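Please read the structure below before turning to the comments.
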Amino acid sequence: MTTAKEIIEYMESLRNEEQRENLMRFFKTAPGEYGYGDEFLGLKVPETREVVRAAKDILIDEVPVLLMSKWHEVRLCGFLILVSKFEKLSTKRLENDPEAITKRDEILTMYLRYAERASNWDLVDLSVHKILGHWLLLPTCLGGRDAGLHKNYKLHLLNELAASDNLWKQRMSIVCSWKTSQQGDPSWCLRYAEIHLHHPHDLMHKAVGWMLREMGKRVSMDLLRDFLRQHAHEMPRTMLRYAIEKMNEEERKQWMEVKVFSTKSPSY
């Protein structure tokens, strides 16, 4: 498959009505729920990944057609194609290759241009750390020639996502730190965990707690404890529970007994 049209027609041919109904319940698509309006074909993620493998030679210019699809699974396919192309350009051999840098920047730019099409948590979580998160760790031509400007540009992009009124862009700004924490850099996680500390949505409480947990596991449990000592008293309980999940039972109990005594009005 080398065109978006071929991919969409093939994926539509796999439509599974029973699975579709299950997915629409699971991803909260009823009126008033966070996934309201999303449309599903009823494909499982491994089926979509098979399509991505079959479409390995598709041109990047075809991907926006997938990302603009009404079908959740087709959009996921588009995002995973971007992941696949980005990863192939991000090997050790190509990290500093000028052509690879330019192409990675093009993929990142496309990803962010269509960020709102990642309109549910799975679309974010299966792609953002592998594109945006990885890009944070790599050379870029975006933001100017100076390395210091690159750092500022990266912060600017994440700050824009964090300050957006779009829940999924906000989630991107913290879940991208999964990759940076895996590579030993806790700074992105700590910065955006603090920014989102008072977010009103449960999905963000889970995301922030999850990323703090991963940072503690991958980088330093002492850093996680330092963060908790500063903020446990104001963290939503779901966020705190997710953050301490890898600690032993006695320590988890101690953290959960920290009283909530200070809250701030969210700026969303």
Side-chain angles (χ1 to χ4, degrees), residues 4 7-8 11-12 14-52 55 63-84 86 107-108 110-134 157-158 160-179 192 196 199-211 213-214 236 238-239 242 266 268:
I7 289 173
I8 293 170
M11 295 182 77
E12 287 178 337
L14 300 177
R15 181 172 177 142
N16 181 320
E17 194 61 34
E18 181 180 354
Q19 179 71 7
R20 174 180 176 273
E21 292 177 2
N22 290 337
L23 289 173
M24 291 184 73
R25 284 193 297 271
F26 182 73
F27 286 105
K28 307 296 184 184
T29 62
E33 295 182 318
Y34 59 74
Y36 176 61
D38 208 351
E39 292 280 351
F40 286 79
L41 289 166
L43 278 63
K44 296 181 179 179
V45 172
E47 292 178 288
T48 301
R49 290 193 183 278
E50 286 182 11
V51 176
V52 173
V63 175
V65 179
L66 302 175
L67 299 180
M68 290 303 297
S69 173
K70 71 176 182 178
W71 300 118
H72 183 103
E73 296 92 338
V74 173
R75 299 199 307 280
L76 175 59
C77 181
F79 285 119
L80 292 181
I81 286 172
L82 292 182
V83 167
S84 176
F86 192 93
I107 292 170
L108 184 276
M110 179 178 288
Y111 183 78
L112 293 178
R113 184 182 303 134
Y114 291 93
E116 290 188 14
R117 303 301 294 167
S119 56
N120 216 310
W121 57 265
D122 64 316
L123 300 176
V124 173
D125 296 357
L126 290 172
S127 62
V128 71
H129 61 297
K130 294 183 177 181
I131 297 178
L132 177 55
H134 200 170
L157 285 186
L158 260 67
E160 281 197 333
L161 291 172
S164 168
D165 60 2
N166 180 280
L167 173 64
W168 311 114
K169 287 184 176 182
Q170 294 166 1
R171 189 174 174 100
M172 285 179 174
S173 70
I174 182 65
V175 176
C176 70
S177 71
W178 193 2
K179 183 69 173 183
Y192 291 96
H196 292 304
H199 197 287
H201 203 293
D202 182 66
L203 282 177
M204 287 297 290
H205 301 170
K206 293 176 180 178
V208 172
W210 169 31
M211 288 304 106
R213 183 187 74 214
E214 290 300 308
T238 297
M239 186 187 295
Y242 271 61
Y268 299 91

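In this text, all values refer to a predicted model and were calculated from it rather than measured experimentally.
- The local environment of CD in E17 is crowded, with over 12 non-hydrogen atoms from other residues, nucleotides or ligands closer than 6.0 Å.
- In this structure, CG on L167 lies 5.5 Å from NE2 on H199, to the nearest 0.5 angstrom.
- We find the CG-NE2 distance between L123 and H72 to be 4.0 Å, quoted to the nearest 0.5 Å.
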Taking distance alone, no hydrogens or angles, what donor-acceptor pairs closer than 3.5 Å link side-chain atoms of residues 43-50 to residues at least two apart or in another chain?
from, atom 1, to, atom 2, distance (Å)
E47, OE1, K44, N, 2.8

**Report entry** Worked check of side-chain contact (heavy atoms from CB on, under 4.5 Å) between V63 and I107
**Finding:** CA-CA 10 Å; V63 175; I107 292 170; over 6 Å; no
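- Contacts of A207 classified as side chain to side chain contact (heavy atoms under 4.5 Å, CB included), with partners at least two apart in sequence or in another chain: R171, I174, V175.
- Proximity of L112 to L161: side-chain heavy atoms (C-beta onward) are separated by under 4.5 Å at one or more points.
- At least one side-chain heavy atom of L158 sits under 4.5 Å from a side-chain heavy atom of L132.
- In the model, H196 has a side-chain atom that pairs as donor or acceptor with a side-chain atom of S173 under 3.5 Å.
- The salt bridge (Lys or Arg N to Asp or Glu O under 4.0 Å) check on K130 picks up nothing, with sequence neighbours excluded.
- The salt bridge (Lys or Arg N to Asp or Glu O under 4.0 Å) contacts involving residues 33-42 comprise R20-E39, D38-R75, where partners must be two or more places apart or lie in separate chains.
- Among residues two or more places apart in sequence or in another chain, the side chain to side chain donor-acceptor pair (under 3.5 Å) test is passed with W121 by Y34.
- Taking the ring-ring contact (aromatic ring centres under 6.0 Å, His included) definition, one finds that H134 meets it with F86, sequence neighbours left out.
- With sequence neighbours left out, E73 forms a salt bridge (Lys or Arg N to Asp or Glu O under 4.0 Å) with no residue at all.
- K70 contributes atom NZ, which lies 13.5 Å from atom CZ of F40 (distance to the nearest 0.5 angstrom).
- With sequence neighbours excluded, the residues forming a side chain to side chain donor-acceptor pair (under 3.5 Å) with R25 are N22, listed by chain and number.
- When the ring-ring contact (aromatic ring centres under 6.0 Å, His included) test is applied to H129, the partners found at least two apart in sequence or on another chain are W178.
- When the ring-ring contact (aromatic ring centres under 6.0 Å, His included) test is applied to Y192, no partner is found at least two apart in sequence or on another chain.
- N166 meets the side chain to side chain donor-acceptor pair (under 3.5 Å) test with no other residue; sequence neighbours excluded.
- A search for side chain to side chain donor-acceptor pair (under 3.5 Å) contacts involving K206 returns D202, not counting sequence neighbours.
- Looking at W168 and L203, their side chains come closer than 4.5 Å, going by heavy atoms from C-beta outward.
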